Amino acid sequence: MATTTTTSTAALVTYLLRLADDNLILAQRLGAAISWMPDVEDDVAVANLCLDHLGQARNLLTYAGSVEGAGRTEDDLAMLRGEREMFNAVLMEQPNGDFAHIVVRQLFADAYQVPLYEALTASADPELSAIAAKAAKEARYHLRWSSAWVVRLGDGTDESHRRMQAAVDGLWSFTGDLFTTDAVEAELAGAGVAPGIDAVRARFNATVAEVLAEATLSVPTDPYQRIGGRTGYHTEHLGHLLPEMQSLYRAHPGAEW
Amino acid sequence: MSYHVPRAEGEIDPTFNGRAAGGYPLWEVFIRAKRGLNHVHAGSVHAPDAETAVLAARDVYTRRSEGVSIWVVPSAQIHASDPDEADAFFDSDKPYRHPTFYQIPEEVGHM
């Protein structure tokens with residue numbers, strides 16, 4: 001019995017960190033995009049997106065810390081873990097690039113998070129269910145914003161169409177990592193804490209297919225997928241993102257302002 | 001918003017509905033507050049079309065729970081009175097148009 005409880009706690013902490021890190025790393029990317037958007041309206045929009053994801057990350061990290069019971073705070077978990085201890089999907093750490101890459105990365109993230117959070121509201125874990133209920137509302141708005149821009153730019157000018165298709169093609173091979181699963185998630189799915197990932201993936205595929213079709217963009221057919229983020233194997237970009245995000249906290253641990 | 005963006009030689013200069021990109025049309029934003037009965041002018045946003053204008057208005061003007069409903073109207077569709085004709089339009093020296101001169105019969109009580 002004690003062994004089962006220990007295993008479940010470790011699995012839940014790992015799963016919560018995966019959910020949290022997706023938001024933490026995406027928030028860091030979006031924060032760096034503020035002031036680089038094509039107009040001031042979307043500078044505000046991307047700041048809102050960033051803060052929504054950061055808020056979700058904080059809720060999940062705080063909960064992960066309390067489940068773990070080792071006294072780690074949200075700040076410790078965000079700022080003192082290295083690259084191999086971060087469990088975000090590799091999609092989230094991909095560089096901002098141009099506006100096309102920002103909105104396409106966001107579309108893929110939103111098309112994943114909407115069905116994920118909606119399923120998680122039925123989680124057997126009440127705390128996770130409550131966090132997901134708030135996050136689902138935010139994710140539905142994010143999807144409206146990202147899909148609106150993907151449609152307008154995909155079905156826009158020759159130049160915007162070209163850039164959007166390049167972003168879709170460039171980012172597609174990082175979407176498979178969202179749906180990789182292992183014993184951790186199988187255990188939690190069995191206990192009703194995590195949703196079955198197949199249903200989430202089916203809704204992701206349907207959303208992406210619908211939005212890209214309306215945007216006159218094609219869904220890539222290249223089967224290659226770069227996976228590994230959920231177990232801490234990342235693309236080279238996370239190694240540059242983390243020191244920028246963490247250096248202040250590491251230089252001045254516990255600093256407040 | 002319009003500012004000059006230098007173009008590299010051979011770069012396509014994008015247009016949207018005949019306008020240069022970056023020169024999106026202006027939209028006036030009206031927000032209805034949670035306990036308000038009418039939409040009140042909040043400001044303006046630039047956006048390529050109505051749906052995007054609603055999204056931009058949501059992000060710019062309802063960040064702190066200011067509203068529960070948004071209207072956007074193309075600024076070009078708003079026709080305004082001429083400030084130079086304000087004297088002719090808004091002659092305020094007609095106090096008799098206010099109902100304060102009527103005697104209300106006592107039987108009516110408070111109105």
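Owing to the predicted nature of the structure, the values given are computational and were not obtained by experimental measurement. Numbers restart at 1 for each chain; the letters A, B, ... are given by sequence-line order, proteins then strands.
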Q: Anything under 30° is parallel, anything over 60° is perpendicular, the rest tilted; go ahead and classify Y112(A) against F179(A).
A: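 Y112(A) vs F179(A) ring planes: perpendicular.
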Q: Which atom names give the shortest non-hydrogen contact between E93(A) and I25(A), and what distance separates them?
A: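 Smallest interatomic distance, heavy atoms only, reads CA-CG2, 3.7 Å.
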Q: Could you measure the distance from the CZ atom of F204(A) to the CD1 atom of I197(A)? Nearest 0.5 Å is fine.
A: 11.0 Å
Q: Determine the option with the most heavy-atom pairs under 4.5 angstrom with chain B, choosing from D42(A), L51(A), N48(A).
A: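 When all of D42(A), L51(A), N48(A) are compared, N48(A) has the most.
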Q: In chain order, what residues pass the side-chain contact (heavy atoms from CB on, under 4.5 Å) check against S123(A), with sequence neighbours excluded?
A: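 Per chain and number, S123(A) pairs via side-chain contact (heavy atoms from CB on, under 4.5 Å) with L120(A), D125(A), L128(A), S129(A), V193(A).
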Q: Drop me the distance from L17(A)'s CG to L61(A)'s CG, to the nearest 0.5 angstrom.
A: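 The distance works out to 6.5 Å.
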Q: Which answer fits L49(A), side chain, backbone, both or neither, if we ask what part of it has an atom under 4.5 Å from a heavy atom of chain B?
A: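 Interface part for L49(A): neither.
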Q: If the contact rule is any heavy atom under 4.5 Å from chain A, which residues of residues 58-74 of chain B qualify, in numerical order?
A: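 If one takes a 4.5 Å heavy-atom cut-off, the residues of residues 58-74 of chain B near chain A are R58(B), D59(B), V60(B), R63(B).
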Q: What about W172(A) and F108(A), are their ring centers closer than 6.0 Å?
A: yes
Q: Run the numbers on D222(A) and S173(A) for side chain to side chain contact (heavy atoms under 4.5 Å, CB included), then give the verdict.
A: CA-CA 8 Å; D222(A) 183 355; S173(A) 62; 5.8 Å; no
